[in-house]
Amino acid sequence: MDVECGAGESRVMTSATDAPENIADHASAAVPHANDAAPYGGGDPYADYRSGDFAFTELVDLADRRLGAGVIAANDEFFAERENLLVRDRAVFDPEHFGHKGKIMDGWETRRRRGVDATHVFPAPEDHDWALVRLGAPGVIKGIVVDTAHFRGNYPQRISVQATAVEGSPSPEQLLADDVKWDELVPPTPVRGHAENGFEITTGRRYTHVRLCQHPDGGVARLRVHGEVVPDPEWLDTLGTIDLVAVVNGGSYEDASDKFYSSPTQIILPGTSRKMDDGWENRRRRVRDTNDWVRFRLVAQGAIRAVEIDTAYLKGNSAGWVALSGRNGEAGEWFEIIPRTRLQPDTLHRFRLPAQAVATHVRLDAFPDGGVARMRLHGALTTEGAAELRRRYTELTG
């Protein structure tokens, strides 16, 4: 399959932050090795890693494997497999780890491209490698991180990112067909080696797949695609009863008193927690008569009928008591859904509500502190909520 990346005209306006602390200066393209990191000299491989500070990373990663994302195809993965791009943990570097094809790298790495003959030894300007990523949850992309950790002199000279919206479960061949339109989110842009390269995106459309391109070749350790989930209203309508706060259905965390150990977004991820840090855990609270809390926005206005709160793997550090409150609308008054209730460690708790609670937001209070692995709010969208979701979906896909 032959793919053009960064060629042609995009249907939408693109935006990528290009401040020096975020991504490589475009002027560095005139100095081919200006963005190289120093060769590894021993000790901590992250000692000279150039990290970024991007506000959009507070948003859910639409390319999270836990949401169902996957790297479904790549034109080349000679040195390191494409699937490494979506591994949740940060990349690992072992200077002594070699295989039959060369150095084993924790990322996606392609072979060195060559020219067509002895007179033209360098690849053509348009030559590039590519990887196709299915987003775990379709949505509006707000920011992209291309992490080149440990790729110090073998990172791509430039990268570009495109996105498309194709419903269902398309194959790579279907996605790369001539009738599929790809929008350019990040034009071919220099990146730094052994660094976190961030790009702010302002297209304001809903996408299902992204394509990462390396110009002309090289290695990328991790890819993160942060944004806001926009579910298909027809699917939620078919399901009827849904988890009204789940990330995959469009729920999101808005704010929290503490996120010292982990992001509150993990409370509303799919599946069950697999280890202690796979939920929300705050630091130990030392101020009396205070407590920790986290606030969520539901996918849309919904009627909550039952609640699940799970403290899996939180044994000596689970929340002692919790309470759940709801609010209908941004200016609505908070009302009680579940009164302050004792929790057991490493246990799934189920609450059947005596009457359905209509809300657009909920707040989970933990007393005095501690962790919660997962929370589910089972119910259905109201007529008003379903109409609001359908309007938003139409605006972002039309």
Side-chain angles (χ1 to χ4, degrees), residues 54-68 88-90 136-137 224 226-229 243-287 290-299 304 306-327 334 336-351 359-378:
F54 313 113
F56 58 73
T57 57
E58 280 288 303
L59 301 173
V60 64
D61 180 5
L62 303 176
D64 192 328
R65 282 286 299 170
R66 294 172 295 182
L67 302 184
R88 294 311 308 163
D89 299 325
R90 69 177 188 170
R224 304 290 184 243
H226 296 278
E228 299 173 353
V229 176
D243 181 355
L244 292 164
V245 77
V247 164
V248 292
N249 292 336
S252 63
Y253 126 76
E254 287 192 328
D255 199 6
S257 61
D258 190 297
K259 45 192 174 183
F260 187 85
Y261 287 111
S262 54
S263 170
T265 293
Q266 298 194 141
I267 299 179
I268 55 175
L269 287 177
T272 57
S273 178
R274 296 174 297 173
K275 51 194 175 101
M276 190 180 74
D277 66 347
D278 193 16
W280 172 54
E281 183 189 0
N282 43 60
R283 76 192 88 189
R284 301 188 187 211
R285 184 164 283 269
R286 304 303 191 191
V287 180
T290 65
N291 69 279
D292 285 307
W293 55 269
V294 56
R295 187 177 74 245
F296 297 96
R297 184 183 73 241
L298 277 56
V299 55
I304 306 167
V307 177
E308 290 183 279
I309 296 176
D310 192 358
T311 57
Y313 292 97
L314 296 161
K315 299 183 178 181
N317 54 348
S318 66
W321 293 261
V322 295
L324 185 68
S325 304
R327 185 177 73 188
W334 290 101
E336 182 180 273
I337 297 177
I338 297 175
R340 191 178 303 191
T341 303
R342 188 78 164 98
L343 292 187
Q344 299 301 316
D346 195 27
T347 300
L348 174 63
H349 307 75
R350 288 177 170 162
F351 304 90
T360 58
H361 299 73
V362 296
R363 188 184 68 236
L364 180 67
D365 286 274
F367 300 92
D369 56 24
V372 171
R374 294 289 188 271
M375 180 176 71
R376 311 287 184 224
L377 304 181
H378 301 290

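Computation of the quantities below employed the complete heavy-atom set of this structure, encompassing side-chain atoms and omitting hydrogens, waters and symmetry-equivalent molecules.
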Where do Leu377 and Phe296 land on the side-chain contact (heavy atoms from CB on, under 4.5 Å) test, with the steps shown first? CA-CA 11 Å; Leu377 304 181; Phe296 297 96; over 6 Å; no
Pair Arg88-Arg224, side-chain contact (heavy atoms from CB on, under 4.5 Å): steps then yes or no: CA-CA 9 Å; Arg88 294 311 308 163; Arg224 304 290 184 243; 3.7 Å; yes
Residues Ile267, Tyr253; criterion side-chain contact (heavy atoms from CB on, under 4.5 Å); working and verdict: CA-CA 9 Å; Ile267 299 179; Tyr253 126 76; over 6 Å; no
For the pair His361 and Arg363, evaluate side-chain contact (heavy atoms from CB on, under 4.5 Å) and give the outcome as yes or no after the intermediate values. CA-CA 7 Å; His361 299 73; Arg363 188 184 68 236; over 6 Å; no
What's the verdict on salt bridge (charged side-chain N to carboxylate O under 4.0 Å, His left out) for Arg374 and Asp278, showing C-alpha distance, side-chain angles and the deciding distance? CA-CA 9 Å; Arg374 294 289 188 271; Asp278 193 16; 3.4 Å; yes
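The pair Asp365-Arg340 fails the salt-bridge criterion, with no side-chain N (NZ, NE, NH1 or NH2) lying under 4.0 Å from an Asp/Glu carboxylate O. The pair Arg285-Asp258 does not meet the salt-bridge criterion, since no charged nitrogen lies less than 4.0 angstrom from a carboxylate oxygen.
Here CD of Glu254 is found 5.5 Å from CZ of Arg297. Values are rounded to the nearest 0.5 Å. We find the CD1-OG1 distance between Ile309 and Thr347 to be 12.5 Å, quoted to the nearest 0.5 Å. Separation of atoms CG (Leu348) and CZ (Arg376) is listed at 9.5 Å; rounding is to 0.5 Å. Taking CG of Asp369 as the reference point, atom CG of Asn291 lies at 9.5 Å (rounded to 0.5 Å). Leu324 CG to Trp334 CH2: the interatomic distance, rounded to the nearest 0.5 Å, is 9.0 Å.
You'll find the side chain of Thr311 reaches within 4.5 Å of the side chain of His349, heavy atoms only. Two residues are said to be in side-chain contact when any heavy atoms from C-beta on lie closer than 4.5 Å; Val247 and Arg66 fail this criterion. Side-chain contact between Val229 and Asn249 is absent, with no heavy atoms from C-beta onward closer than 4.5 Å. Taking 4.5 Å as the limit, some side-chain heavy atom of Leu298 sits within range of a side-chain heavy atom of Val362. Residues Val322 and Leu364 meet the side-chain proximity criterion, which asks for heavy atoms closer than 4.5 Å. Residues Leu67 and Leu269 form a side-chain contact, since some pair of their non-hydrogen atoms from C-beta on lies under 4.5 Å apart. Put simply, the side chain of Ile268 does not reach to within 4.5 Å of the side chain of Val60, judged on heavy atoms. Here the side chains of Val372 and Asp310 are not in contact, with every heavy-atom distance at 4.5 Å or above.
The shortest non-hydrogen separation linking Ala319 to Ala366 is CB-CB, 3.9 Å. Summarising the geometry of Ala312 relative to Ser273, their closest heavy-atom pair is O-OG, 4.0 Å, with the distance given to 0.1 Å. Considering all non-hydrogen atoms of both residues, Ile337 and Ser325 come closest at CD1-C, 3.8 Å. For the residue pair Gly279 and Ser262, the shortest heavy atom distance occurs at O-OG, 2.7 Å.
Using a distance-only test at 3.5 Å, with no hydrogens or angles considered, a donor-acceptor pair links the side chain of Ser257 to the main chain of Trp293. Using modelled atom types, one side-chain atom of Asn282 and one backbone atom of Gly370 make a donor-acceptor pair closer than 3.5 Å.
For the side chain to side chain donor-acceptor pair (under 3.5 Å) with Lys259, the lone residue among Glu281, Gln266, Glu58 that qualifies is Glu58.
The aromatic rings of Phe56 and His226 sit tilted relative to each other, their planes meeting at an angle between 30° and 60°.
No more than 12 heavy atoms of other residues, nucleotides or ligands sit less than 6.0 Å from atom CZ of Arg284.
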